[in-house]
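Worksheet: one structure, shown below.
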Amino acid sequence: MNNFYDYTLDGLTEELLKHGFKAFNAKQLFDWVYKKRVQDNDKMTNLSKTLRQFLNKHMWFSEVVVNQHQVSHDGTEKFLFELDDGNIIETVLMRHNYGNSVCVTTQLGCNIGCTFCASGLQKKKRDLTAGEIVAQVVKVQDVSQERVSHVVVMGIGEPFDNYENTMAFIDIINSPHGLEIGARHITVSTSGIVPKIRQFSNEPKQVNLAISLHASNDNMRTSIMKINKVYPLVDVIEAAKEYVEKTNRRITFEYILLQGVNDQLWHADELVQLLRGMNCYVNLIRYNPVDEFSYQGTEEAVARAFHKRLMDQGITATLRHEKGGDIDAACGQLRSKKLTRIE
Ligand code: SAH
Ligand code: SF4
């Protein structure tokens, strides 16, 4: 039995052709499942009996099950989902004036182990399949009964350490017969796996890329993100420039402001030197404290001064709070608490 949600439209077409069915059957199936939300083969009235029998025998839907659901006062909703094998992941729904966005998990735990991040507290147990990532968006849409227009791949895990499945996931949600989420409404965030940034630059889809920078020099970055030893800042910046050149798209840098660590004006000046001349945008996020770590978020006034220092020197930047701070919505926080309780 194969999980339907694992199939891209091309993959499903190939599978059906192999078994003597027609290419358009794959489109019909996608439409039933993703557009009409019908998963009972018997209700797929325009399919032949043989195709329905084939589906009954070979396909199933690996759904995620709601284990916990929290709603924040700012409208953000956090889901702990249980996978088929009993593992727990988390997914966040954020409401914006431009639509609803969902933040998905790509791995069980994360091996990158950044010193400030709750997701890195648990070593990676395994990658999620494409279907397990798709099922998160499908379930949020089913529960909320609202359309998801944007997706950010910024939940637990390093998507570029699970590259193939992440790209298959994007293919499925972007498909006109799938969830039809525009490529420009999808953002993948990476801690800076340089060879994968290069590979991503060559992908045909217009998906946005965000790089977690969080530091303005190598020493500082290595001290909070050990991946920087493997792919130092200079290489990350070079790969980012190549991405911008190849794709003609603006790149986003995420920079969490950690009190007393990376939030001084001279850090902002260093950042300006690094990014000058690049078509980029800096997303400043005040750190959302995690119980297990002693880091604090930068004070509002200091964060504003940092933001202004960037803007004054021609670097486009926004300053925002992590959404859903009151419900542990920062990356990996809720799952981490849950695991602490049940393990
Ligand atoms: N592994 C990828 C994507 C998942 S993390 C990456 O690192 O980019 C998504 C973003 O959330 C990253 O920029 C990460 O640094 C940030 N983040 C992690 N913990 C946070 C916290 N407690 N407060 C604010 N941002 C956090
Ligand atoms: Fe992994 Fe990203 Fe968290 Fe670092 S910030 S531990 S790469 S999820």
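For reference, positions follow the sequence shown, starting with 1. All ligand and atom numbering here is 1-based and tracks the order in the structure.
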For residues 166-178, please give each side-chain donor-acceptor pair under 3.5 Å, one per line with the distance, not counting sequence neighbours.
{"unit_1": "T166", "atom_1": "OG1", "unit_2": "P159", "atom_2": "O", "d": "3.3"}
{"unit_1": "T166", "atom_1": "OG1", "unit_2": "N162", "atom_2": "O", "d": "2.8"}
{"unit_1": "N174", "atom_1": "OD1", "unit_2": "K205", "atom_2": "NZ", "d": "3.0"}
{"unit_1": "N174", "atom_1": "ND2", "unit_2": "I181", "atom_2": "O", "d": "2.9"}
{"unit_1": "S175", "atom_1": "OG", "unit_2": "H177", "atom_2": "N", "d": "3.1"}
{"unit_1": "S175", "atom_1": "OG", "unit_2": "G178", "atom_2": "N", "d": "3.3"}
{"unit_1": "H177", "atom_1": "ND1", "unit_2": "D31", "atom_2": "OD1", "d": "3.0"}
{"unit_1": "H177", "atom_1": "ND1", "unit_2": "D31", "atom_2": "OD2", "d": "3.4"}

Using atom types as modelled, flag every donor-acceptor pair under 3.5 Å from a side chain in residues 254-261 to any protein atom, sequence neighbours excluded.
{"unit_1": "E254", "atom_1": "OE1", "unit_2": "S189", "atom_2": "OG", "d": "2.8"}
{"unit_1": "Y255", "atom_1": "OH", "unit_2": "N262", "atom_2": "O", "d": "2.7"}

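For ligand 1, the atoms lying closer than 4.0 Å to a non-hydrogen atom of T190 are 6 (C), 8 (O). Here is the list of ligand 2 atoms found below 4.0 Å of a heavy atom in G113: 6 (S). Of all atoms in ligand 1, numbered sequentially from 1 with element shown, those under 4.0 Å from a heavy atom of E158 are 1 (N), 2 (C). Atoms of ligand 1 lying under 4.0 Å from at least one heavy atom of I256, given by number and element, are 24 (C), 25 (N). Which parts of ligand 1 touch V290 is read off a 4.0 Å heavy-atom cut-off, strictly below it: atoms 22 (N). Applying the 4.0 Å criterion to heavy atoms of S212 picks out, from ligand 1, the atoms 6 (C), 7 (O), 8 (O), 12 (C), 13 (O). Residue contact check: C110 has heavy atoms under 4.0 Å from atoms 1 (Fe), 6 (S), 7 (S), 8 (S) of ligand 2.
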Next item on the list: Kindly determine whether E238 and R198 satisfy salt bridge (charged side-chain N to carboxylate O under 4.0 Å, His left out), including the steps that lead there.
Entry: CA-CA 10 Å; E238 198 185 290; R198 297 223 157 89; 3.5 Å; yes

Margin query: Is there a side-chain contact (heavy atoms from CB on, under 4.5 Å) between V282 and T316? Walk through the geometry before answering.
Written below: CA-CA 6 Å; V282 177; T316 314; over 6 Å; no

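Surrounding CD of Q199 are more than 12 heavy atoms belonging to other residues, nucleotides or ligands, all under 6.0 Å away. Atom NZ of K246 sits in a crowded spot, with more than 12 heavy atoms from other residues, nucleotides or ligands closer than 6.0 Å.
Of the charged side-chain nitrogens involved, none lies within less than 4.0 Å of a carboxylate oxygen, so that E14 and K18 do not count as a salt-bridged pair. The existence of a salt bridge linking K124 and D161 is confirmed by a sub-4.0 Å separation between a basic side-chain nitrogen and an acidic carboxylate oxygen.
Polar contact check, G157 against ligand 1: a nitrogen or oxygen pair lies under 3.5 Å apart. Of the polar atoms of N288, at least one N or O is found under 3.5 Å from an N or O of ligand 1, judged by distance alone.
Among the atoms of C117, no N, O or S atom is found under 2.8 Å from atom 4 (Fe) of ligand 2.
Residue contacts with ligand 2 for S191 involve side-chain atoms from C-beta outward but no N, CA, C or O (heavy atoms, distance under 4.0 Å).
With atom 10 (C) of ligand 1 as the reference point, the heavy atom nearest to it among R286, H214, E254 is part of E254. Heavy-atom proximity to atom 3 (C) of ligand 1, evaluated over S189, C117, S119, is greatest for S189.
Contact analysis puts G157 in contact with ligand 2, with a non-hydrogen atom separation below 4.0 angstrom. Ligand 1 has at least one atom lying under 4.0 Å from a heavy atom of G155.
For the residue pair N3 / E132, no side-chain donor-acceptor distance below 3.5 Å is found, with atom types taken as modelled.
Minimum interatomic distance between A118 and V290 (heavy atoms only, all atoms of both residues): CB-CG1, 3.9 Å.
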